[in-house]
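Note that the numbering runs from 1 along the sequence shown for the chain.
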Amino acid sequence: IEGDTLVSTQHYEKSLKCYLSALEEISTNHQCVQPVITSDVCLAYIYGRIGNAYAKLEQYSIAAMYHHRQYAVALEADNSRCQIISCLSLGCDYQGELDYVSANEWFDEALYKSISARDEVLQTVSHRALQLICEKLNFSDASLKHSEAIQSIVSKRKQHIDGVVNSAIQLQTRLMNGNAKEVVVIQLEQTTNFHLTLKKKRSMLQSSITKALNDKSHIAIEIQRIEDSLEKVYAEIKECCAKNPQKVSSRCMHGLMQVIDSNVLQEILKVDAKKLNDGLENLIKKSKQKDADILNLHYDLEGINKDISVEEGPLITKVMKPSEACRCMQFNYKNTSLNDINCSHTNESIPFLVVSKGSSIYVNHLRTGELQAIFSGDEYHTLHAGEPLGHRTIVTCLFFRDKRVFSGSMDQSIMCWDIETEKRVFVAKGHEGTVTCLWVDHEKMISGSADSFIIIWDKDTGAVFRRVSGHMRGILSLECGLTWCVSGGSDGVICVWQCLSRFDDPDYHEFTCKTTLRFGDACKITALSCGALQVVSGNNLGKVVLWWLKTEEIIQSCDAHKGSVTSLQFDATRIVSSGTDGNVCVIDIFTGYRLATIRSEQNTDVRVESIAFDSEGISGAYTDGSIRHFQWVSSSWNTQATSKVDSLNGIKDATFLHTGMRILVRKKETEEDGELKQEQQTNVSKEQEKLHNQQHAGGLSTRLFSKWQNLLESRALQNA
């Protein structure tokens with residue numbers, strides 16, 4: 001190794017001394033036997049190295065002598081590769097001495113042996129050497145043949161390598177996407193605030209037109225009813241005139257059949273006819289007014305459709321092409337707690353997702369991607385008499401709970417927005433650095449900042465309750481409950497805080513750090529998720545770590561991502577994480593091994609900003625403005641099954657399997673096995689019945705009965 005290093009640095013004389021020293025050692029000590037390479041092969045390679053060193057010093061005759069020795073030892077050791085290398089070296093030696101005929105013979109011998117050994121690399125080297133010799137000897141036809149042979153071998157090897165690479169890529173894609181066959185991709189709508197306003201106006205106009213048409217149809221029905229009633233009244237008046245002055249029977253009085261004088265009945269009917277005519281005239285006026293309203297609404301709708309067609313035209317579409325990736329994306333926390341991420345089971349779920357781009361916040365429908373609202377940011381240099389209308393710099397964090405969106409920004413402020421009224425609720429100020437993370441529960445809002453402070457706020461008004469410190473550097477991640485909080489910082493520290501409820505401690509004076517977990521100064525805690533007894537953290541190195549709170553120790557650690565971990569969620573059996581590498585990883589919480597890695601596309605610029613999962617599948621929010629829903633379709637994700645296999649065989653991963661290994665498997669039950677099992681169960685049942693009869697007859701004591709009962713149960717278990 002030392003000699004080879006010296007050759008690579010062109011110190012040939014020093015390397016020659018190393019090789020000669022090794023030759024002397026191996027010649028005097030034949031016990032130098034390696035596990036794989038025998039002493040003869042070692043001797044042959046040392047002779048070759050010495051010859052190469054002399055060739056570099058242009059002492060070709062001495063080099064040929066050592067290469068002849070290498071060839072002789074290789075023949076004795078029956079090592080074909082060493083023989084081919086020595087033949088090539090001898091050819092080069094004679095070529096250096098300008099003896100092209102001898103060089104041609106040795107290169108021919110190398111080619112013959114490399115073809116016999118099926119070594120395409122050495123075949124190519126031999127063909128190239130022969131091509132150069134043939135050119136020196138002016139054998140143009142032979143040189144052309146060797147050139148064609150080289151091209152054939154190179155082309156064949158290139159096809160083979162390309163095939164292997166394609167197979168590897170396909171295998172990688174199949175492994176990464178094998179559990180994502182049921183993926184549903186929803187692209188989030190991107191548009192201008194003006195376009196969104198126009199679409200809302202169009203929707204309102206369409207609703208107004210539909211309501212007006214329904215009202216008109218009701219008026220038409222009422223007009224028809226009055227006309228029918230008038231027709232009956234006029235028919236009855238005509239009948240009364242014909243029977244004047246006789247008495248007639250009619251239902252016009254109280255709706256009951258009565259005998260009335262025809263003159264009196266005529267007067268009553270004329271009054272009814274006048275009322276009906278007045279009502280008919282009013283309805284006809286309303287119908288005409290409705291026609292005018294519908295016509296005006298159609299005119300307004302036509303104008304709005306023209307404006308929308310301009311907004312959806314090629315010019316605006318080209319301008320609105322996504323030039324900026326989504327920075328923050330958040331699912332609604334309520335959906336996770338209801339185990340209904342996609343809002344398909346309960347009416348209480350919130351079917352929206354919030355996204356930030358620059359200083360603006362967008363609310364999109366979770367199942368359709370349709371844009372619902374835009375909370376526009378303010379331009380930095382815009383002057384206002386009062387508070388800014390929105391964030392003046394980039395939004396750096398979001399939290400979405402119930403019908404409210406909470407946003408933090410580089411402008412050191414926090415804003416709360418109502419998605420129903422589409423208005424801002426409050427602005428909270430108190431940090432002296434960029435607001436990097438937010439969490440909101442039923443009682444409070446907690447924020448972390450680059451200024452290394454945590455502030456507890458009133459979630460309804462934005463008033464400050466308390467300002468606490470515990471990190472040496474900026475805070476990057478938070479998660480809270482009513483009586484606890486965990487925070488992770490760029491100092492590699494996780495602080496576990498304890499507190500009382502707001503009812504017991506209104507100003508949160510008891511908000512104190514209970515435990516500190518330290519992973520290392522070289523990493524930053526970028527994601528956190530907390531349970532009753534454990535904390536799961538993700539850092540900028542791509543590691544997902546499971547901590548046990550009682551002992552403050554790491555239980556499991558997994559190299560899940562090639563970039564920072566952006567989001568985490570876990571349950572009793574698995575951890576799901578997302579990262580800047582665009583992957584979603586499913587990790588067995590018991591073993592720490594990755595059960596699946598999901599990647600929907602090969603675009604490395606797209607990262608997964610947020611993930612959430614329920615009993616049906618995983619939903620991921622991607623920075624290219626899309627949502628992807630994956631179903632739990634692979635049985636390999638069942639961590640209970642994995643744990644059982646591990647406990648039986650000690651197999652934690654496929655790499656633990658090897659040829660000849662004994663593993664426990666479940667035997668397939670045949671019909672004979674089923675009959676035998678049924679017969680054994682019948683025998684045990686008969687013995688148990690007999691035992692009970694003897695006890696009732698007084699033949700067995702309670703202790704003896706219990707002993708026999710345990711024996712029968714153990715026998716039944718053994719049969720099973």
On a heavy-atom basis, which atom in C558 and which in R594 lie closest, and how many Å separate them? SG-CG, 3.6 Å
Under-4.0 Å salt bridge between E109 and K113: yes
Between D624 (side chain) and V606 (backbone), is there a donor-acceptor pair under 3.5 Å? no
Euclidean distance, I555 CD1 relative to L546 CG, rounded to 0.5 Å: 4.5 Å
Residue list, side chain to side chain donor-acceptor pair (under 3.5 Å) with S86, at least two apart or on another chain: none
Tell me which donor-acceptor pairs under 3.5 Å the side chains of residues 87-106 have, and how far apart each pair is, sequence neighbours excluded?
| from | atom 1 | to | atom 2 | distance (Å) |
| --- | --- | --- | --- | --- |
| S89 | OG | I85 | O | 2.9 |
| D93 | OD2 | A64 | N | 3.4 |
| D93 | OD2 | H67 | ND1 | 2.4 |
| Y94 | OH | H68 | NE2 | 3.3 |
| E97 | OE2 | S61 | N | 3.1 |
| D99 | OD1 | S102 | N | 3.4 |
| D99 | OD1 | S102 | OG | 3.4 |
| D99 | OD2 | S102 | OG | 2.8 |

Separation between CZ of R49 and CD1 of I46, rounded to the nearest 0.5 Å: 8.5 Å
Indicate the atoms forming the closest heavy-atom contact of E189 with L371, along with that distance. OE1-N, 2.8 Å
Non-hydrogen atoms of A53 and L16 that approach each other most closely: CB-CD1, 3.8 Å
Tell me whether D581 contacts the main-chain N or O of H561 through its side chain, where contact means a donor paired with an acceptor under 3.5 Å. no
Can you find a side-chain donor-acceptor pair between S578 and T566 that sits under 3.5 Å? yes
Between CG of L353 and OG of S610, what distance do you get to the nearest 0.5 Å? 7.5 Å
Close side-chain approach of C18 and L6, heavy atoms under 4.5 Å: yes
Check: F590 and T573 side chains under 4.5 Å, non-hydrogen atoms: yes
So, do Q556 and I589 sit near enough that their side-chain heavy atoms are less than 4.5 Å apart? no
Are the side chains of F331 and L366 in contact, using a 4.5 Å heavy-atom criterion? yes
Of the non-hydrogen atoms in C134 and A142, which two are nearest, and what is the gap between them? SG-CB, 3.7 Å
Determine, stepwise, if the pair L23 / L43 fulfils side chain to side chain contact (heavy atoms under 4.5 Å, CB included). CA-CA 7 Å; L23 177 62; L43 184 63; 3.4 Å; yes
Verify, without hydrogens or angle tests, whether Q123 (side chain) and R118 (backbone) share a donor-acceptor contact under 3.5 angstrom. no
Do you know which of I611, V584, V608 makes side chain to side chain contact (heavy atoms under 4.5 Å, CB included) with I598? V584
Pair M65-Y54, side chain to side chain contact (heavy atoms under 4.5 Å, CB included): steps then yes or no: CA-CA 10 Å; M65 180 185 69; Y54 276 115; over 6 Å; no
How about C397 and T436: do any of their side-chain heavy atoms sit closer than 4.5 Å? no
Would you check if the side chain of N540 reaches a backbone N or O of C523 as a donor-acceptor pair within less than 3.5 Å? no
Let me confirm one number: the OG-CD1 distance from S15 to I50, rounded to the nearest 0.5 Å. 10.0 Å
More than 12 heavy atoms of other residues, nucleotides or ligands under 6.0 Å from CD of E2: is that the case? no
Can you check whether V7 reaches Y12 side chain to side chain, under 4.5 Å on heavy atoms? yes
Using the rule given for side chain to side chain contact (heavy atoms under 4.5 Å, CB included), can you reason through I494 versus L528, listing the C-alpha separation, both sets of side-chain angles and the distance that settles it, and then say yes or no? CA-CA 9 Å; I494 301 171; L528 280 173; 4.0 Å; yes
Pairs in or reaching into residues 124-146: which pass salt bridge (charged side-chain N to carboxylate O under 4.0 Å, His left out), with residues at least two apart or in two chains? none
What closest approach, in Å, do V545 and S557 show between heavy atoms, and which atom pair accounts for it? CG2-OG, 4.0 Å
Say whether, by atom type as modelled, one donor and one acceptor occur between the side chain of N583 and the main chain of C585 under 3.5 angstrom. no
Let me confirm one number: the CG-OG1 distance from L476 to T526, rounded to the nearest 0.5 Å. 7.5 Å
Under 3.5 Å: donor-acceptor pair, side chain of S477, backbone of I525: yes
Are any side-chain N or O atoms of T124 and backbone N or O atoms of E120, one a donor and one an acceptor, separated by less than 3.5 Å? yes
Side chain to side chain contact (heavy atoms under 4.5 Å, CB included) for S577 and I587? Distances and angles first, verdict last. CA-CA 8 Å; S577 65; I587 303 167; 4.3 Å; yes
Gap between atom CG of L144 and atom CD of Q131 - 0.5 Å precision: 8.5 Å
Contact check, side chains of D4 and Y19, non-hydrogen atoms, under 4.5 Å: yes
Report yes or no: does D491 contribute a side-chain atom to a donor-acceptor pair with the main-chain N or O of M472 at less than 3.5 Å? yes
State, to 0.1 Å, how close C326 and R607 come at their nearest heavy-atom pair, and which atoms those are. O-NH2, 3.8 Å
With a 3.5 Å distance limit and no angle check, can you tell me whether S116 reaches the backbone of Y112 through a side-chain donor-acceptor pair? yes
Heavy-atom side-chain proximity of S114 to L111 below 4.5 angstrom: yes
